[in-house]
Number of protein chains: 2
Amino acid sequence: MKLGDGVEQAIHSVTMLSCLQPGSTLSAAALAEFHGVSTSYLLKHLQAMSGAGLLEAVSGPKGGYRLARAPEKITLLDIVLAVEGPEPAFRCNEIRLRGPNPYTCKPAAPCTINVAMLRAEQAYRAELRRVTVAGIIADLKTIDGDGAIAARTNGFLALHERKSGTAA
Amino acid sequence: MKLGDGVEQAIHSVTMLSCLQPGSTLSAAALAEFHGVSTSYLLKHLQAMSGAGLLEAVSGPKGGYRLARAPEKITLLDIVLAVEGPEPAFRCNEIRLRGPNPYTCKPAAPCTINVAMLRAEQAYRAELRRVTVAGIIADLKTIDGDGAIAARTNGFLALHERKSGTAA
Ligand code: FES
Ligand code: FES
């Protein structure tokens with residue numbers, strides 16, 4: 001089981017966008033540069049998050065991406081599902097119905113193995129749903145004793161933040 | 001995020017093996033036939049579970065697989081980790097350290113995003129650790145009102161169970 005590398009990039013990008021002034025945007029190229037990743041790959045995930053209503057794409061020379069809602073209203077689960085898709089990690093192929101002596105009629109109850117696997121997945125999702133982008137930023141502040149993390153972010157934003165974009 | 005199809009096959013196979021008489025085995029071919037899956041693909045997972053100490057491989061003409069410990073002592077987590085490997089689904093590439101203005105020294109605290117993602121994964125694993133193969137069988141009995149599931153398993157085992165194998 002492996003999440004795509006896009007998840008780390010997507011969460012970091014959303015976290016970065018949450019540091020923008022209201023109305024400002026950041027280009028996909030700037031987000032990719034800051035995180036040292038491929039712009040085209042990151043763009044795919046930014047578009048997925050726009051499609052899911054987490055980000056807003058602003059067009060034009062002053063355009064880029066910004067949050068579509070408050071950082072308190074964006075959870076890690078929102079981001080993971082936008083990037084990885086809504087399907088559960090465990091996908092039952094109903095192998096209990098295969099083989100040389102199939103049931104004459106399909107058992108009415110779902111397979112107990114499937115039920116147990118999906119219950120674990122619900123626990124995973126519940127945990128991701130409890131963490132918001134605002135919470136990530138708050139946690140970040142507690143580990144940023146000397147302010148080095150904030151200074152690095154703010155230095156980059158001072159160069160790349162695009163003010164007063166118009167919604168696409 | 002997707003678990004391989006081998007997980008479903010592996011859990012069903014272990015569940016089937018838990019229905020054998022003490023000392024008996026079932027061949028990989030029989031397990032594959034019962035579940036309507038490829039023997040060579042299933043074999044890979046049976047070998048992984050042997051390597052992890054969940055199954056015992058018995059050699060010789062009466063050989064096959066049997067549980068290496070009691071069904072109460074085998075959890076869904078044991079099986080998932082044996083088949084999928086021990087690595088977490090989220091793998092931090094430390095992208096916070098990349099980009100055009102890297103830190104002069106690496107922040108001592110782990111990235112808060114990584115911490116949150118791994119915490120969710122711990123919740124997932126804790127849930128899978130709570131479910132044993134014995135528990136799966138007990139749950140199965142509660143949904144097997146007319147005994148059709150047990151009858152199908154027992155009918156197949158009557159033909160394919162290999163008694164009195166010797167440990168490899
Ligand atoms: S049939 Fe799919 S998990 Fe049992
Ligand atoms: S650097 Fe990997 S999750 Fe933040």
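Just so it is clear: chains get the letters A, B, ... in the order the sequence lines come, proteins before strands, and each one is counted from 1. Values reported hereafter were calculated over all heavy atoms of this structure, with side chains retained and with hydrogens, waters and symmetry mates removed.
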Please rank [options] by heavy-atom pairs under 4.5 Å with chain A and give me the top one.
options	value
Asp139(B), Leu76(B), Ile136(B)	Ile136(B)
Glu84(B), Glu33(B), Glu127(B), Arg91(B)	Arg91(B)
Val37(B), Asp146(B), Ile143(B)	Ile143(B)

Under a 4.0 Å N-O cut-off, is there an ion pair linking Arg96(B) with Glu94(B)?
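Yes.
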Arg162(A) side chain to Gly63(A) main-chain N or O, any donor-acceptor pair under 3.5 Å?
yes
Contacting region of Thr15(A) [heavy-atom separation from chain B under 4.5 Å]:
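When you check distances to chain B, only side chain atoms of Thr15(A) fall under 4.5 Å.
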Gln122(A) portion near chain B, given a 4.5 angstrom heavy-atom threshold:
neither
Less than 4.5 Å to any heavy atom of chain A: does that hold for the side chain of Val80(B), its backbone, both, or neither?
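For Val80(B), side-chain heavy atoms alone lie under 4.5 Å from chain A.
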Are side-chain N/O atoms of Thr75(B) and Asp78(B) paired as donor and acceptor at under 3.5 Å?
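Side-chain D/A pair, Thr75(B) to Asp78(B): present.
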Mind listing the closest non-hydrogen atom pair of Leu118(B) and Phe90(B) along with its distance?
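Minimum heavy-atom contact is CD2-O, 3.9 Å.
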Quick one: of Leu140(A), Val83(A), Val131(A), Asn114(A), who has the most non-hydrogen atom pairs under 4.5 Å with chain B?
Leu140(A)
According to the interplanar angle, ranging from 0 to 90°, do the rings of Phe34(B) and Phe156(B) count as parallel (below 30°), tilted (30 to 60°) or perpendicular (above 60°)?
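Aromatic pair Phe34(B)/Phe156(B) classed tilted.
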Residue among Arg66(A), Glu161(A), His160(A) satisfying side-chain hydrogen bond (donor to acceptor under 3.5 Å, both in side chains) with Ser24(A):
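Single side-chain hydrogen bond (donor to acceptor under 3.5 Å, both in side chains) partner of Ser24(A) among Arg66(A), Glu161(A), His160(A): Glu161(A).
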